[in-house]
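Quick note on labels: first sequence line is chain A, next is B, and so on, each numbered from 1.
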Amino acid sequence: MAEVSADVVSADVRSLEELTRDAVAGAMAAVLPPELAGADPVIRRSDHADFQANAALSLAKKLGAKPRELADSIATALREQTAGRYGVELAGPGFLNLTVTDDAVWSQVATRLASDRLGVGTPQLGRRTVVEYSSPNIAKEMHVGHLRTTIIGDALARLLEHLGADVLRQNHLGDWGTQFGMLIEYIDEHPDAKWRASDLDEGDLGTVSALDGLYRLARAEFDADPEFADKARRRVVTLQSGDEATLAVWRELVAESEKAFQAIYDYLGVSLTSEHSAGESSYNRYLDDVAAEVEQSGVGVISDGALCVFFDDITNADGNPVPLIVRKSDGGYGYAATDLATIRYRIRDLKINRLLYVVGAPQALHFRMVFETARRMGWLTDDVEAVHVGFGNVLGPDGKPFKTRAGGTVRLIELLDEAVARARAEIETKPHMLEVDELETVARQAGIGAVKYADLSTSRTKDYTFDPDRMVSFSGNTGVYLQYAHTRIRSILRKLPGGADSEVKVRTDGPLAPSERALALLADQFAPTLVEVADTLEPHRLCGYLFSLAKAFTEFYEACPVLTAETDELRDNRVALCQLTGATLAEGLRLLGIATPERM
RNA sequence: GCCCUCGUAGCUCAGCUGGACAGAGCACCGGACUUCUAAUCCGACGGUCGCAGGUUCGAGUCCUGCCGGGGGCACCA
């Protein structure tokens, strides 16, 4: 087969790695006794070949055979069964080095390019998944602490959705704290206070700043004036008892805040909207019932007047057991009750079968207790899983929690503005050929992309160091590197006579240079990488993959001219490789929530 | 005190769920722009994988114990 037609092939193209695994598994089945015939071939990418199979080493022990001899017999069976489709070499103590044919590599490029969705399947189909993330507090400004939950949560939501999951994004807004008594009382007593968007000239982004100002003023009065503090506390009770006038002010506070959050989400390119808002308050009506169910089931017991759930292995400094407090001794509810109510509601009413909480690592113990309680209640079962997708803190360049020079909290909007400003300045130093308004757009895509990539590219569970200087240096392993690689591909493709999407015939019997081979093999790994990220919930694996792909592309770019290739056949093959790589980079970046400019 | 988490090159980080000599980026040094965008590429330099044991044919990866950093541990979220 020298040519592959461009007819659209259905998604879920098997990768060369998977095909290789199948082939080696087939050979093993022919050689091994039945009880070991289904063993994992242990296929890994290799520095010594396209792939390596390591199974013989561990299996030889069980068989009492010599690893090299076992590997050799697997190799023989593999050669017989696949009729030359693999180069097989025995190496070291019993590794099998496997090389696929050039024809197979080009075929794979053609097949992925011609298939829908780059051959990515939908393994998450049937999973109704909640991703809870961002969750800022009403009447407070989003700060650097909201960065990771928002960016990681959004990336996971996009990725799982792409793989077929039915994803429900949930923004668990902090809209029911005791601070509302204070705020509402203050507004009541100071009708002139300016905190609405309409009170400001500077636009939506100023709204929460104004609310923040309101918060500070109210707080100051609360601390200074005991009489006001009393009224504020009474106002909490009034609010919670459902007083309509108080609720009206509360609703307006929520609405004003949400406007400001939306402006940030739009600026960040985060896919949250008001329809994903499900604040703590929306679960109020379930709390009595949830607490009663916990109490009646016997899962919870009364201790010091509070409804508690205890755990054998969770104790405090004195060795006493530490409970999850479902209902406080004064009859009120904390966030444990709310979280239990969300679980019950999502599972029972929304028929969700997977719950992801993108919340900071310090909450680990809380979620452990909440999930264990939900299991005892029978809400979480073997078929319904809940995962705390925890993440580390954002640290400043000094290795301490990221603060302003004055020691205050870093406003998210300021951090983003600075990243965009630096990106703009950086672009202006380059020969960029962009018009003024396009420059502004690209500056934003690059600056925001840099922030997101920096956040997503290190392992989720660790703290990460946020160094603005390093992040926007725009060289090396950064978001801009990926965006730049993509623009170089687009630049080549735009110059094609038939346009960027020109259909080309792939000659699978064409030559295959080392940098072409490396690039093609990596492009083929896109789908398995996405599956791996969905399994581990670790977006940094996708970042690492895309960086490798971009790097392989630039190496190919240096070594292999596309438009001026020696022959038309060679040019067409390279165009196909560019199209596949470009589409893969664009899709991968999209799933991370990072924009892909056409030029920069 | 108990639990969780982290410790890899001067700095910032990967290391594909146990595989061949530990890899990137930044910084520093030396090269490459009349050639599809040099926001790039090539080369050099750089590591007792915190320490000590153990399991294994094989350990940065798994287990145990230390050392060091961070976090959490009864009515705040």
Has A:F547 got its ring stacked on B:A24, by the test of a centre gap below 5.5 Å and a plane angle below 30°? no

Looking at A:R21 and A:E17, does any basic side-chain N land under 4.0 Å from a carboxylate oxygen? yes

Would you please classify the geometry between the A:F466 ring and the A:Y464 ring as parallel, tilted or perpendicular, with 30° and 60° separating the classes? perpendicular

NE2 of A:H143 versus C1' of B:A77: gap in Å, rounded? 12 Å

By the 4.0 Å heavy-atom rule, please label A:T564 as base, sugar-phosphate, or nothing. nothing

Nucleotide B:C36, atom P - distance to CD of A:E558 in whole Å: 11 Å

Could you measure between the two C1' atoms, the one in B:G46 and the one in B:U8, and give it in whole Å? 13 Å

Touch class at under 4.0 angstrom, heavy-atom based, for A:I427 against every strand present: base

Hits for ring-ring contact (aromatic ring centres under 6.0 Å, His included) against A:Y545, two or more places apart or cross-chain, chain-then-number order -> none

Does A:Y333 reach a base, just sugar-phosphate, or nothing at all? Heavy atoms under 4.0 Å. sugar-phosphate

Could you work out which one of B:A74, B:C41, B:C36 sits closest to the side chain of A:K551? B:C41

Looking at every strand, decide which applies to A:A485 at a 4.0 Å heavy-atom threshold: base, sugar-phosphate, or nothing. nothing

Taking CG from A:N477 and P from B:C13, how many angstroms apart are they, rounded to a whole number? 12 Å

Note, A:L412 side chain near A:E141 side chain (heavy atom, < 4.5 Å): no

Please determine whether any donor N or O and acceptor N or O are separated by less than 3.5 Å between the side chain of A:Y335 and the base of B:A77. yes

For nucleotides B:C21 and B:C49, find the distance between their P atoms and express it as a whole number of Å. 15 Å

Where does the angle between the aromatic ring planes of A:Y283 and A:H172 fall among parallel (under 30°), tilted (30 to 60°) and perpendicular (over 60°)? tilted

Mind checking whether A:W250 and A:W176 have parallel, tilted or perpendicular rings, split at 30° and 60°? perpendicular

Between C1' of B:G69 and CG of A:D398, the distance in whole Å: 14 Å

Please state whether the base of B:A39 and the side chain of A:T487 form at least one donor-acceptor pair under 3.5 Å? no

For A:A317, report the nucleic acid contact type (base, sugar-phosphate, nothing); a contact means any heavy atom under 4.0 Å. base

Over-ring placement of A:R488 relative to A:Y557, 6.0 Å and 45° cut-offs: yes

Contact class for A:S329 vs. all strands (heavy atom < 4.0 Å): base, sugar-phosphate, or nothing? base

Looking across every strand, which nucleic acid part, if any, lies under 4.0 Å from A:A361 by heavy atom: base, sugar-phosphate, or nothing? nothing

Before you tell me yes or no, could you show the steps for A:F371 and A:Y357 under ring pair (Phe, Tyr, Trp, His ring centres under 6.0 Å), namely the whole-Å CA-CA distance, both residues' side-chain angles and the distance that decides it to 0.1 Å? CA-CA 11 Å; A:F371 295 162; A:Y357 293 81; 5.5 Å; yes

For A:C308, which contact category applies under a 4.0 Å heavy-atom criterion: base, sugar-phosphate, or nothing? base

Look at all strands and tell whether A:E280 reaches a base, only sugar-phosphate, or nothing, counting heavy atoms closer than 4.0 Å. sugar-phosphate

Between B:C13 atom P and A:F466 atom CZ, what is the distance in whole Å? 13 Å

Short of 4.0 Å, heavy atom to strand atom, which residues of residues 54-63 of chain A count as contacting RNA chain B? A:N54, A:L57, A:S58, A:K61

Give a yes or no on whether a donor-acceptor pair under 3.5 Å exists between the nucleobase atoms of B:C16, that is its base, and the side chain of A:R45. yes

Are A:D72 and A:R68 within salt-bridge range, i.e. N to O under 4.0 Å? no

Distance, P atom - from B:C51 to B:G47, rounded to whole angstrom: 15 Å

Under 4.0 Å between a side-chain nitrogen and a carboxylate oxygen: does that hold for A:E426 and A:K430? yes

Measure from OH on A:Y484 to C1' on B:U37 and round the result to the nearest Å. 4 Å

State which of B:U12, B:A74, B:C21 makes the closest approach to the side chain of A:R470. B:U12

Need one value for A:D318: base, sugar-phosphate or nothing, where a base atom within 4.0 Å counts as base even if backbone is also close, heavy atoms only. nothing

If I take atom NE2 in residue A:H48 and atom C1' in nucleotide B:A20, what distance separates them, rounded to the nearest angstrom? 5 Å

Upstream residue (5' side of RNA chain B) when A:T178 and A:V480 are each assigned their closest nucleotide: A:V480

Using only heavy-atom distances, decide whether a donor-acceptor pair under 3.5 angstrom links the side-chain of A:Q52 to the base of B:A20. yes

Write down the distance between CG (A:L546) and P (B:C16), rounded to a whole number of angstrom. 18 Å

Counting only Watson-Crick and G-U wobble pairs with both atom distances below 3.5 Å, the stems of 3 or more consecutive pairs that include RNA chain B are B:1-7 with B:67-73, B:10-13 with B:23-26, B:29-32 with B:40-43, B:50-54 with B:62-66

Under 4.0 Å, heavy atoms only, any strand: does A:C543 hit a base, just the sugar-phosphate, or nothing? nothing

Under 4.0 angstrom, heavy atoms only, what part of the nucleic acid is A:S457 near: base, sugar-phosphate, or nothing? nothing

B:G53 and B:C11, which share atom name C1', separated by this distance in whole Å: 32 Å

